[in-house]
Structure formats: C-alpha cells, structure tokens
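Residue indices begin at 1 and follow the sequence shown. Counting convention: from 1, in listed order, for ligands and their atoms alike.
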Amino acid sequence: MKAVTVRTLHDMKREKRRFSCVTAYDASFARSAEAAGIETILIGDSLGMVLQGHSTTLPVTIADMSYHTRCVSRAVTLPMVIADMPFMSYASQPEAIGNAAELMRAGAHMVKLEGGAWLFDTVKALAERGVPVCSHLGLTPQSVNSFGGWIVQGRNPEDAERILADALGLQEAGASMLVLECVPRELASLITARLSIPVIGIGAGAATDAQVLVMHDLLGMNPRPPRFVRNFLSSGGSIQGALEAYSNAVREGSFPGPEHGFD
Ligand code: KIV
C-alpha cells in the first residue's frame with residue numbers, strides 16, 4: 001500500500017473499490033491497523049467512552065484529541081489519519097480554524113466535524129485554508145442530548161430530506177469525505193449515489209463506499225455492542241488477524257451484512 005491521500009480515496013470511490021476505517025488512539029493499535037492494510041485511521045472522540053470511561057463523547061477536549069493524534073500519527077506512514085474535532089471545539093469559525101490547526105500540527109491529515117447546514121461556512125473556511133474536512137451526519141454522538149438518546153436518524157421523510165440536503169451542501173462547501181452514522185440503509189445508498197466524495201458508513205448498510213468501526217467494538221470488548229458491530233476477534237484469532245479480517249470483509253463486501261443495518 002502507498003501512502004493514502006484524499007486523491008487515493010476519491011479514486012477508490014470512482015473505481016468502486018471499498019475501503020475501511022478503524023479508530024485508533026495509540027501507537028500500537030495504529031501500527032496494527034496499518035499492518036492490516038486499513039486505509040484510514042480515525043482518532044475518534046469515542047475515546048471519551050472507550051478509553052476515559054465517560055458515558056458520552058462530550059467531555060473530550062482538544063488537548064485530549066491533540067495528544068492521541070500525536071500518539072497515532074508518529075506511529076504510521078501509510079494510512080490517512082483523521083482526527084475528530086471534539087464537542088464545542090468548532091462552535092464558531094475562529095475556534096474551528098484554531099483547533100483544526102492544532103490537530104493538523106499534531107499530525108492529522110484531515111479533521112472530522114459533526115453537523116450539517118450550520119457548518120457550511122466553517123467547512124468552506126477550513127477547506128480554503130488547506131484543511132481537508134470529513135463531515136459527519138446522522139446519529140452524531142455529540143448531539144445525543146438533543147436527539148434524546150442513541151436513536152437512528154432519517155427515518156421520517158422530512159429528516160431524510162434534510163440529511164440529503166446537508167450532505168449535498170457539505171460537499172458543495174468543500175468537504176472531502178462524509179461519515180453517515182445510523183441512518184436507514186436506503187437513505188445511505190441514495191446519499192452515496194448522489195455524492196462524488198466518499199461516504200463512510202457505520203450502521204448505514206452495505207451500499208456506502210467505506211465502513212468505519214470503533215477498534216474496541218470489532219475486538220469484542222464492548223459488553224453491549226451496537227447492532228452494527230461484528231466481533232472480528234472471534235474469527236480472526238488475534239488482534240492483527242481481526243483487523244485483517246475486518247479490512248478484507250469490507251473490501252469484499254461481506255461486511256456489513258443485512259443484520260447490521262437499519263430500515
Ligand atoms: O468517534 C468516533 O469513533 C466516530 C466513529 C464511530 C465514526 O466518530
């Protein structure tokens with residue numbers, strides 16, 4: 001594998017070659033993901049739940065994200081490294097620019113922001129300043145309190161229309177990639193077909209261009225795994241084997257299965 005860039009991922013979308021993404025928060029797991037041929041590593045703010053033991057991602061700070069981004073980025077050379085911007089770190093455009101700069105200096109190649117229309121100008125400002133942006137729509141965990149729980153999004157026609165309009169607007173504003181989390185598979189399929197940028201799904205069915213999972217979930221370490229998770233450790237036999245099995249399953253299209261999606 002050569003070093004993965006935005007261009008690589010856009011070519012893969014055009015050529016209909018699926019790619020995978022996994023979260024990693026430290027050097028050792030990041031190296032294992034790289035050795036498994038996983039194209040993109042996300043330093044997710046899920047670290048607030050997975051590493052820090054919080055019940056949501058909201059307590060995570062830019063200092064936390066910066067620290068873990070440095071741990072991951074110094075360990076790998078091939079995968080694209082994407083860092084989450086944590087809750088309220090992009091509430092205003094100047095904050096978004098300053099905090100994105102910190103994550104890029106920590107070694108990220110791209111930053112991820114949760115939200116739709118309210119972020120169009122921010123995405124444009126970041127993209128114009130040389131910061132590639134991955135947008136995140138659907139069940140965006142930083143808004144769990146507004147949603148009233150971990151609830152599948154886009155099930156009614158108005159919400160589905162809004163998510164599609166947000167996706168198109170974010171692409172227009174300059175987003176390089178989109179994560180769609182916990183939306184009905186038909187909506188994810190429609191959005192993937194309408195966008196020219198790659199769409200990474202999680203709980204969004206099999207039609208997206210790529211898949212993302214939280215590392216600890218795919219290793220079977222979550223006592224209450226969400227429906228969209230498969231335990232790859234049980235078939236893979238080792239951490240390295242599990243990551244290879246995940247990467248292969250996404251590439252071949254055998255993961256996710258129908259049981260991992262929502263209608
Ligand atoms: O924080 C995270 O790990 C994420 C992914 C699950 C998409 O945002």
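Between E114 and ligand 1, a contact under 3.5 Å exists for no N or O pair. Between S46 and ligand 1, at least one N/O pair is under 3.5 Å apart. For T23, no nitrogen or oxygen atom sits less than 3.5 Å from a nitrogen or oxygen atom of ligand 1, counting backbone and side chain alike.
How far OG of S89 is from CG of L103: 7.0 Å, rounded to the nearest 0.5 Å.
With no hydrogens or angles considered, a side-chain donor-acceptor pair links R251 and S247 at under 3.5 Å. When only modelled atom types and interatomic distance are considered, T69 and S66 share no side-chain donor-acceptor pair under 3.5 Å. Donor-acceptor pairing under 3.5 Å is recorded for the side chains of Q142 and D45.
Under a 4.0 angstrom heavy-atom cut-off, K112 registers as being in contact with ligand 1.
Numbered from 1 in the order shown, with element, the atoms of ligand 1 that lie under 4.0 Å from a heavy atom of G44 read 1 (O), 2 (C), 3 (O). Shown in contact with D45 at under 4.0 Å from a heavy atom are these atoms of ligand 1, numbered in order with element: 1 (O). Residue L42 has at least one heavy-atom neighbour below 4.0 Å for each of these atoms of ligand 1: 2 (C), 3 (O), 4 (C), 5 (C), 7 (C), 8 (O). The distance from ligand 1 to the heavy atoms of D84 drops below 4.0 Å at these ligand atoms: 1 (O), 2 (C), 8 (O).
The nearest non-hydrogen atom to atom 6 (C) of ligand 1, considering only V50, I82, I202, comes from I202.
Using cut-offs of 30° and 60° on the angle between ring planes, the pair H216 and F29 is tilted.
At distances below 3.5 Å, not a single donor-acceptor pair connects side-chain atoms of Q171 with backbone N or O atoms of L168.
Heavy-atom minimum distance, Y246 versus S20: CE2-CB, 3.9 Å.
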